[in-house]
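Input: a single structure, listed below in structure tokens.
In what follows, residues are counted from 1 in the order of the sequence shown.
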Amino acid sequence: MDTILVVNAGSSSVKFQVFSIEGEGRLRRQIKGQMEGIGSRPRLRASGTTGDPLADRAYPIEAVPDVPGAMGVAGEWLREEMRIHPVAVGHRVVHGGPEYDRPVLIEHGVVSRLERFATLAPLHQPHNLAPIRSILSRFPELPQVACFDTAFHRTHSAVADHYAIPHQLHSEGVRRYGFHGLSYEYISKALPQIAPEIAGLRVIVAHLGSGASMCAMKGGQSVESTMGFTALDGLPMGTRPGQLDPGVVLYLMSEKGLSAAKIQDFLYRDCGLKGLSGLSNDMRELEASDSFNAKLAIDHFVYRIGLNAGMLVAALQGLDAFVFTAGIGENSAGIRARVVEQFGWLGVTLDAAENARHSRLISRPGSLIPVYVVPTDEELMIARHTLSLLMNGPSRDAKHKRVS
Ligand code: AMP
């Protein structure tokens with residue numbers, strides 16, 4: 001059985017999935033797993049297609065001190081016990097910089113180019129690249145593909161891509177990149193099957209998970225995103241504040257004496273729903289809570305989604321459909337109802353029963369704008385890209401398509 005391994009490596013965990021390649025290039029998920037607690041309490045967990053447990057075992061900290069160590073242990077388990085010998089590996093890489101507008105086959109030079117973007121995503125990029133490097137050194141013949149969270153947004157106009165700062169900084173890479181691109185690309189590819197009548201029109205997709213952003217799509221392409229230079233911007237998230245006046249950062253530096261590292265930690269880990277509620281970053285806990293601040297956090301989340309949707313409607317010069325996706329968007333009927341209420345002014349009406357059932361179409365037949373719930377699948381998107389590059393090789397202008 002030919003398989004593709006998909007790897008999503010972070011600082012404390014390496015998530016992986018195995019897809020088998022079936023007839024006509026169809027992909028079927030076989031295994032889902034992760035090495036978690038890297039450098040603290042390492043544990044390998046994995047399950048099969050129906051959620052049947054395949055592994056759940058702890059490792060001594062010395063066996064899994066870092067991301068390459070985790071990749072080594074997970075790889076050995078896959079090879080020795082599952083008899084999985086993938087024909088290629090697809091990696092989620094957060095940043096493709098201004099250059100990469102699509103996935104790229106890893107070859108000599110690509111890794112060092114991607115390392116340059118580590119300054120743009122210091123918390124993620126080095127961890128994303130670590131397993132690529134370790135697989136490259138142990139299995140140099142195994143094809144690897146890097147799939148970027150920024151790539152789908154490289155269709156933005158120059159006007160949307162710029163901050164109002166001197167050009168020198170823009171050419172150094174200080175731009176509005178946008179993230180969650182693999183999720184948006186998956187939705188963009190799914191819409192022609194799910195809702196062909198709106199797939200080519202003006203659509204806002206709300207990826208509401210522990211990270212949250214929205215994307216304005218026209219004709220299946222991204223024209224605007226709520227996220228910018230980093231994944232801190234835009235909507236409030238589980239632990240990130242979303243849009244923040246840069247003056248707040250200056251205040252933290254000058255009045256609180258916080259270092260850049262402390263501020264970074266604060267902005268990525270202590271803000272958002274967690275900071276505002278003082279309770280949790282998990283929407284389920286906030287929805288179940290009676291606390292005033294939990295309610296305030298939810299109200300703020302919904303309000304900011306409404307404000308940002310207005311901005312994206314302006315970018316699209318109108319709206320033809322709205323799509324919810326990711327953990328909160330797919331599972332919380334309550335948040336969806338609140339968000340839809342925010343755009344009542346656009347002529348959107350919710351079908352409460354369909355919403356409660358998590359149906360695909362949750363707006364009423366008479367709603368001016370249809371509202372959909374579409375589960376995302378970033379790993380399948382990565383597996384598809386990997387297979388496509390494996391079969392067809394890189395397209396002619398796969399690299400450096402647009403550098404301006
Ligand atoms: P993701 O990052 O897409 O995996 O989304 C994770 C987030 O989705 C969690 O932190 C929860 O806040 C949220 N979530 C998952 N299931 C539910 C649910 N049934 N109701 C509300 N929120 C949920």
Aromatic plane relationship, Tyr184 with His207 - under 30° parallel, 30 to 60° tilted, over 60° perpendicular: perpendicular

Mutual orientation of the aromatic rings belonging to Phe148 and Tyr100 [parallel < 30°, tilted 30-60°, perpendicular > 60°]: parallel

Can you confirm whether [X] sits close enough to [Y] that some side-chain heavy atom of one is under 4.5 Å from a side-chain heavy atom of the other?
X: Trp77; Y: Leu44; answer: yes
X: Val7; Y: Arg92; answer: no
X: Glu285; Y: Met283; answer: no
X: Thr325; Y: Leu208; answer: no
X: Cys215; Y: His153; answer: yes
X: Leu380; Y: Phe19; answer: yes
X: Leu279; Y: Ser289; answer: yes
X: Ser363; Y: Thr349; answer: no

Worked check of side chain to side chain contact (heavy atoms under 4.5 Å, CB included) between Leu276 and Asn293: CA-CA 7 Å; Leu276 200 48; Asn293 286 339; over 6 Å; no

Closest non-hydrogen atom pair between [X] and [Y], with its separation:
X: Arg176; Y: Ala160; result: NH1-O, 3.2 Å
X: Val203; Y: Leu316; result: O-CD1, 3.9 Å
X: Ile194; Y: Val374; result: CD1-CG1, 3.6 Å
X: Ala309; Y: Ile204; result: O-CD1, 3.7 Å
X: Ala70; Y: Ile38; result: CB-CD1, 3.6 Å
X: Leu105; Y: Pro143; result: CD1-CB, 4.4 Å

Taking only Lys NZ, Arg NE, NH1 and NH2, and the carboxylate oxygens of Asp or Glu, determine whether [X] and [Y] approach each other closer than 4.0 Å.
X: Asp282; Y: Lys274; value: no
X: Arg57; Y: Glu81; value: yes
X: Asp161; Y: Arg154; value: yes
X: Glu330; Y: Arg336; value: no
X: Lys15; Y: Glu379; value: no
X: Glu115; Y: Arg133; value: yes
X: Arg338; Y: Asp299; value: yes
X: Asp351; Y: Arg364; value: no

Does the [X] side chain pair with the main chain of [Y], one donor and one acceptor, at a distance under 3.5 Å?
X: Arg175; Y: His162; value: no
X: Asp52; Y: Thr50; value: yes
X: Asn128; Y: Ala9; value: yes
X: Ser171; Y: His167; value: yes
X: Thr386; Y: Ile382; value: yes
X: Asn331; Y: Gly327; value: yes
X: Thr239; Y: Tyr268; value: yes
X: Ser47; Y: Pro53; value: no
X: Ser13; Y: Gly10; value: no
X: Arg202; Y: Gln317; value: yes

For Pro241, side-chain contact (heavy atoms from CB on, under 4.5 Å) partners two or more places apart: Leu232, Leu244, Leu267, Cys271

Partner residues of Ala314 under the side-chain contact (heavy atoms from CB on, under 4.5 Å) criterion, sequence neighbours left out: none

Distance flag, aromatic centroids of Phe343 and Phe322, threshold under 6.0 Å: yes

[atom1]/[X]: more than 12 non-hydrogen atoms of other groups inside 6.0 Å:
X: Met253; atom1: CE; answer: no
X: Arg28; atom1: CZ; answer: no
X: Arg41; atom1: CZ; answer: no

For residues [X] and [Y], is any side-chain donor paired with an opposing acceptor at under 3.5 Å?
X: Ser20; Y: Gln30; result: yes
X: His180; Y: Glu378; result: no
X: Gln243; Y: Arg304; result: yes
X: Ser222; Y: Glu224; result: no
X: Glu287; Y: Ser332; result: yes

Side chain to side chain contact (heavy atoms under 4.5 Å, CB included) between Thr376 and Ile187, worked out: CA-CA 6 Å; Thr376 194; Ile187 303 287; 4.2 Å; yes

Rounded to the nearest 0.5 Å, how far does [atom2] of [Y] lie from [atom1] of [X]?
X: Ser277; Y: Leu286; atom1: OG; atom2: CG; result: 4.5 Å
X: Leu201; Y: Ile369; atom1: CG; atom2: CD1; result: 11.5 Å
X: Arg240; Y: Asp233; atom1: CZ; atom2: CG; result: 11.0 Å
X: Phe152; Y: Asp101; atom1: CZ; atom2: CG; result: 12.0 Å
X: Thr226; Y: Asn308; atom1: OG1; atom2: CG; result: 5.5 Å
X: Met237; Y: Ile328; atom1: CE; atom2: CD1; result: 11.0 Å

Lys295 vs Asp290, salt bridge (charged side-chain N to carboxylate O under 4.0 Å, His left out): CA-CA, chis, key distance, verdict: CA-CA 7 Å; Lys295 186 176 165 328; Asp290 293 329; over 6 Å; no

Val373 and Arg360: CA distance, side-chain angles, deciding distance, side chain to side chain contact (heavy atoms under 4.5 Å, CB included) verdict: CA-CA 5 Å; Val373 179; Arg360 184 148 277 169; 6.0 Å; no

Worked verdict on Arg29 versus Asp377 for side chain to side chain contact (heavy atoms under 4.5 Å, CB included): CA-CA 11 Å; Arg29 198 178 331 259; Asp377 197 337; 2.3 Å; yes

